[in-house]
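Report on the structure given below.
Reminder, nothing fancy here: chain letters follow the sequence lines and each chain counts from 1.
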There are 2 protein chains.
Amino acid sequence: MAAVVKPHIRVVLADDHPVVRDGLAAMVNQQPDMEVVAEAGDGDEAIALYEQHRPDVMVLDLRMPKRDGVAVVQRVLEINPKACILVMTTYDGDEDIFQCLSQGAKGYLLKDAPRQEILSAIRAVSEDRPYTSSGVAAKALQRMAKPSLTQRELDVLQLVAQGRSNKDIARRLSITEGTAKTHVKAILTKLDAISRTEAVAVAHKRGLIHL
Amino acid sequence: MAAVVKPHIRVVLADDHPVVRDGLAAMVNQQPDMEVVAEAGDGDEAIALYEQHRPDVMVLDLRMPKRDGVAVVQRVLEINPKACILVMTTYDGDEDIFQCLSQGAKGYLLKDAPRQEILSAIRAVSEDRPYTSSGVAAKALQRMAKPSLTQRELDVLQLVAQGRSNKDIARRLSITEGTAKTHVKAILTKLDAISRTEAVAVAHKRGLIHL
DNA sequence: CGGCGTCTCTACCTTAAGGGGGAGCGGCGG
DNA sequence: CCGCCGCTCCCCCTTAAGGTAGAGACGCCG
């Protein structure tokens with residue numbers, strides 16, 4: 001076969017909802033310059049299909065069974081550091097998107113974006129141009145200004161969100177109750193919350209935790 | 001025009017994500033006996049398009065801007081008590097589905113359902129047969145066994161989930177702090193939680209509140 | 001009408017949570 | 001090498017939260 005003048009953008013989709021995959025596939029396959037070559041329903045499948053098909057673009061849902069978007073981005077970039085990954089999510093408060101982008105995902109997209117935006121995002125990423133949904137850049141700046149939680153604090157926050165007491169948290173993390181309180185106090189300060197329950201609300205809104 | 005032997009099932013879709021609407025539309029329009037006649041992106045639009053097109057089936061997302069699924073079900077059934085509504089949601093813990101079903105929605109569906117299930121649900125509802133996603137019946141029974149919260153308790157719970165203190169809740173609801181505590185205590189008992197934070201976690205898991 | 005559930009309020013008591021400090025220790029980078 | 005940061009632990013103190021118990025007012029339904 002001779003060289004094709006206008007090669008298709010080969011796309012792999014990964015989303016746990018069949019209806020979303022169908023929607024994306026319909027949109028993509030309607031384009032003359034795009035083609036869906038595989039669809040994955042969970043994180044493991046996404047990685048396997050990436051390796052198998054080596055697509056130009058991978059469209060990846062952030063929340064998936066077995067392995068979430070962040071982990072998939074990591075693994076795929078290990079396989080191919082030049083992989084073009086477009087991360088998709090439902091909620092714009094998701095903290096994970098920053099993790100994905102800083103790890104090397106080329107683009108980020110909200111699921112409620114209109115057709116045109118989704119398609120142009122795929123095109124941009126396929127040409128190795130970064131794409132970020134409107135407003136995300138602004139959010140990134142806001143986020144930079146706000147104090148970030150340490151890993152330990154995120155561990156504690158997770159347990160707080162489950163309704164655990166300081167004593168309970170201490171037991172689970174093998175630390176003293178006093179230390180647990182210290183972490184909780186740090187969390188309250190950083191999230192600008194008065195009570196642990198408010199901290200959970202704030203953290204959830206910012207996408208620091210997923211209930 | 002003569003009578004049609006096999007009339008199409010006319011469907012109106014309502015979902016705030018274009019990609020989901022596309023997916024559903026692609027699935028439905030591929031069927032020889034179905035047809036999407038309109039698509040809505042929010043609750044108000046959904047009601048307007050129902051009135052305008054009088055479809056055989058309305059597929060409705062539970063969480064939508066402007067007016068949520070419960071309100072749309074109510075309004076549409078006021079317009080046409082025989083309307084066939086299929087409610088769709090992402091999370092199976094959603095308490096609202098029971099409200100929709102008891103209000104007269106004909107079917108309930110999870111968004112991560114496979115193509116075949118979605119299509120057969122639409123067919124069932126179009127023939128006025130109820131359809132419920134597997135496991136929902138079981139959940140309904142579980143739910144019946146569990147104590148339900150009063151409206152006032154739900155009001156309090158909502159504020160608790162926002163991280164408000166008892167005193168704050170009392171002010172906002174124009175009651176005394178003691179009464180607020182009484183309500184919170186009732187909530188803790190009914191949800192089988194030790195602390196307010198755990199109550200929020202449990203309530204969120206059961207879909208009693210949306211953060 | 002008489003009971004039942006809801007919402008309201010009360011008092012007392014125990015425990016957990018939050019605020020304000022200080023301090024030692026290990027790693028990492030200037 | 002020294003300082004910064006994260007993790008750990010400790011003190012004391014105030015306040016909020018949770019447990020127990022009782023009671024009055026209203027509306028709904030058998």
**Message:** Can you build the contact string for nucleotides 12-30 of chain C? Use B for base contact, S for sugar-phosphate-only contact, and - for no protein heavy atom under 4.0 Å.
**Reply:** ----SBBBB----------
**Request:** State whether A:Arg123 and A:Asp33 are salt-bridged, where the test is any N-O pair (Lys NZ or Arg NE/NH1/NH2 against Asp/Glu carboxylate O) under 4.0 Å.
**Result:** yes
Should [X] and [Y] count as side-chain neighbours, where that means a heavy-atom distance under 4.5 Å?
| X | Y | value |
| --- | --- | --- |
| A:Tyr91 | A:Leu62 | no |
| A:Val202 | A:Lys190 | no |
| A:Leu119 | A:Met34 | yes |
| A:Leu110 | A:Thr89 | yes |
| B:Val36 | B:Leu24 | no |

**Spacing between B:Leu154 atom CG and C:dC7 atom C1', to the nearest angstrom** = 14 Å
Between N or O atoms, less than 3.5 Å apart, protein on one side and nucleotides 25-30 of chain D on the other: list the pairs.
none

**Prompt:** How long is the gap from OH on B:Tyr131 to CG on B:Leu109, to the nearest 0.5 Å?
**Reply:** 6.0 Å
**Item:** Result of checking A:Arg67, A:Lys66, A:Arg63, A:Arg21 against A:Asp42 for salt bridge (Lys or Arg N to Asp or Glu O under 4.0 Å)
**Value:** A:Lys66
Between N or O atoms, less than 3.5 Å apart, protein on one side and nucleotides 4-7 of chain D on the other: list the pairs.
residue	atom	partner	partner atom	Å
D:dC7	OP1	A:Arg152	N	3.4
D:dC7	OP2	A:Thr150	OG1	2.5

**Message:** Let's go through B:Asp61 and B:His17 carefully: what are the C-alpha distance in whole Å and the side-chain angles of both, what is the deciding distance for side chain to side chain donor-acceptor pair (under 3.5 Å) to 0.1 Å, and is it a yes or a no?
**Reply:** CA-CA 10 Å; B:Asp61 186 16; B:His17 302 310; 5.5 Å; no
**Asked** With a non-hydrogen cut-off below 4.0 angstrom, is B:Gly178 in contact with a base, only sugar-phosphate, or nothing?
**Response** base
**Item:** Exceeds 12 heavy-atom contacts within 6.0 angstrom, atom CG of B:Asp192
**Value:** no
